[in-house]
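Just below is one structure, and these are the notes that go with it.
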There are 2 protein chains.
Amino acid sequence: MVNPTLQRNIVGSPNKRRDGCSENATLADPVPTEINGTTPSPHSKSVFGKLHPSLIQVAISSSFYLIVGSVCFYLLRHQMKGHKTNGIVDSVYFCIVTMTTVGYGDITPNTVLTKLLACAYVFIGMALVGLVLSKAADYMIEKQETFLVKAIRRHRKVGPAETREEVETRGVGYKCLLVFVLLQLLLVAGVIFLATIEKLDLIDAFYCVCITITTLGYGDVSFRTKGGRVFAVFWILTSTILLAQFFLYIAELKTESRQRALVNWVLTRRFTKGDLETADTSLDGVVDASEFVLHKLKEMGKISQDDISIILKEFENLDVDKSRNLSSSDLMQTRSSQSER
Amino acid sequence: MVNPTLQRNIVGSPNKRRDGCSENATLADPVPTEINGTTPSPHSKSVFGKLHPSLIQVAISSSFYLIVGSVCFYLLRHQMKGHKTNGIVDSVYFCIVTMTTVGYGDITPNTVLTKLLACAYVFIGMALVGLVLSKAADYMIEKQETFLVKAIRRHRKVGPAETREEVETRGVGYKCLLVFVLLQLLLVAGVIFLATIEKLDLIDAFYCVCITITTLGYGDVSFRTKGGRVFAVFWILTSTILLAQFFLYIAELKTESRQRALVNWVLTRRFTKGDLETADTSLDGVVDASEFVLHKLKEMGKISQDDISIILKEFENLDVDKSRNLSSSDLMQTRSSQSER
């Protein structure tokens, strides 16, 4: 059984302590500090926001890239060969087929200029699609974090075990399932569309869908009508990105279960006298909770020695009286020395 | 300036302390515990080894998959249409072009059976190529870790600053450069080969190379001779995987610099009285080095509250006398209670 006091204090949960030291517990409660604007999570969130462009920004640049490409290939449409329908539709369709690396080959560049343009277009487009993918993943993760913060707030009302379970359900497994269901819907939509509008038989429609979402694109079957190509522009983009994302989540699921197995191994292996000595960084002969947590985190590979030493540098700077402990007096001395400068 | 004693002890570096407490330092030295077989890193390495298949295993299953596919499509070669050279070469070439999703379309399935087979083949092949990619990345990272361990050993002789720099040089930037150089070589090799053996002009050869390594594969230019297809089998596989890996490393580089910026932000932001209270998990009114490190790691998002609480559970179990400190007596009591059972 876990000592609820110790656990709640280290994890910084806002629950009230039940063992009488309520004054200390109130001091450690993160809620009032949050009102003062010093809680880490909203801050680090905004920093994240500043440091990496949002999914929307990436989506906007991708759309811009698509428009520029379509205009270029529309202007150069007489230097392209293959099955043509409407000039504008064909150029957008060509750009999408190129960016997603499907490459049916039903429309291909026919001159040196358009060939080199297509080469440049596929490289940058590939990078952009990759960026959209990673951003979409980031976005999901950030939403996940927001959910976690909410769950921790709710934590005051419900028990910790329930919250944990809820958070885990909404994890990678949930994302995997969501993407899988969406993929199935897109697959069915594609088959129905190809069978009705493009007049392919069911096997060929299914074959074309598979060949497309995997970006294989042999080109023996492709979208040949104007209406089909308009549909293809949206359908190809979403289905290829979703399939890639699906594979990404599957990989994530595997990594997670591997990580969990490692964590279990680290937790269940015997804590020896040698470990005790290694973990005792304060050299006082005993290992306190924080030292133990740091030791196990290092064993799990979650943190490295570099992470620790860079933070200790900051600790040294703050520990003005060199007592190896930070107290309010250290902070006041730091502040006065800063204002003196 | 960092207090070298404190830093070395927390990071567990094997350097001898310079301030007289050499007895304690020797106890904290990880080298003797390593001889007893209790140092975490080699253990967790072997666990990792057990938990995830090696790059070699993935490579073997990919080769097996390629052979099975080639045999199937060789037997069904009369149900395929397109430009044909040698039966065996064509089927291996078709499998590679399909697995890597290049999909030129110069050879395509022509019956329901071969179409469905191609659909199944591309899905599993795509997953396998993805696995090879992630394994190749894992392999590089593991090699990286081995290098790090060696660097830490060498650390005793050279200064810590030099070692850090060396490790960083060998990091993602190094991998990026390595893959980029290899890609350039493959690109040049491809162009020369296509120009000489396939008799394409230089622009078309370059165009074909770009269309292939991005897995676009329009199919207007492709490998049409028997010799060309033999070359293509090796060249397509390596170049498409390397390009994907290159994009992966670029993304990693970006993530790393973002992470570094976040770490800097967390380190340089002022440590307030509220932080002091939140970080003081032992409720003794002061924040020691381990508490400070844990607090900052949480701010950096490197560890979560879940990570901490799961470890604290184990701490509670080990802390038999409930002193909130682990000592040798706790360990002896745990051991005797275990042997009693």
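Note that the coordinates shown come from a computational prediction; the quantities given were computed from them, not determined experimentally. Letters go in sequence order (proteins before strands), and every chain restarts at 1.
Looking only at side-chain heavy atoms (C-beta outward), A:Phe315 and B:Val293 stay at 4.5 Å or farther from each other. Counting only heavy atoms from C-beta outward, the side chains of B:Asp330 and A:Phe271 never approach each other to under 4.5 Å. With contacts defined as side-chain heavy-atom distances shorter than 4.5 Å, the pair A:Val112/B:Tyr207 does not qualify. Counting heavy atoms from C-beta on, the side chains of A:Lys296 and B:Asp307 never come closer than 4.5 Å. Annotation: side chain of B:Leu216 is in contact with side chain of A:Thr98 (closest heavy-atom distance under 4.5 Å).
Between A:Tyr218 and B:Phe94, the distance separating the two ring centers is shorter than 6.0 angstrom.
A:Leu297 touches chain B through backbone and side chain together, each having a heavy atom under 4.5 Å away. Heavy atoms closer than 4.5 Å to chain B are found in the side chain of A:Ile203, but not in its backbone. Of the atoms belonging to B:Ile303, it is side-chain heavy atoms, and not backbone ones, that fall under 4.5 Å from chain A. Of the atoms belonging to B:Leu116, it is side-chain heavy atoms, and not backbone ones, that fall under 4.5 Å from chain A.
Top candidate by heavy-atom pairs under 4.5 Å with chain A, chosen from B:Asn110, B:Asp288, B:Ile107, is B:Asp288. Of the listed residues (B:Gly285, B:Ala279, B:Gly105), the one with the most heavy-atom contacts under 4.5 Å to chain A is B:Gly105. Heavy-atom pairs under 4.5 Å with chain B peak, among A:Asp220, A:Ile213, A:Val97, at A:Asp220.
Distance check, rounded to the nearest 0.5 Å: CZ of A:Phe292 to CD of B:Glu316 gives 10.0 Å. Summarising the geometry, atom CD belonging to B:Glu291 is positioned 9.5 Å from atom CD belonging to A:Glu291; distances are rounded to the nearest 0.5 Å. Going from atom OG1 of A:Thr215 over to atom CE of B:Met126 covers 5.5 Å, rounded to the nearest 0.5 Å. Remark: B:Asn325 CG to A:Asp284 CG distance equals 7.0 Å, nearest 0.5 Å.
Between B:Ser328 and A:Leu276, the closest heavy-atom pair is N-CD2, 3.6 Å.
Pairs engaging residues 109-120 of chain A under the salt bridge (charged side-chain N to carboxylate O under 4.0 Å, His left out) rule: A:Lys115-B:Asp204 [sequence neighbours left out].
Enclosure of atom CG in B:Leu202 is not indicated, since only 12 or fewer non-hydrogen atoms of other residues, nucleotides or ligands lie within 6.0 angstrom. Applying the 6.0 Å contact sphere to CZ of A:Phe206 captures no more than 12 heavy atoms from other residues, nucleotides or ligands.
Partners of B:Phe247 by ring-ring contact (aromatic ring centres under 6.0 Å, His included), not counting sequence neighbours: none found.
No option in A:Thr281, A:Asp280, A:Ile308 other than A:Thr281 meets the side-chain contact (heavy atoms from CB on, under 4.5 Å) test with B:Ser290.
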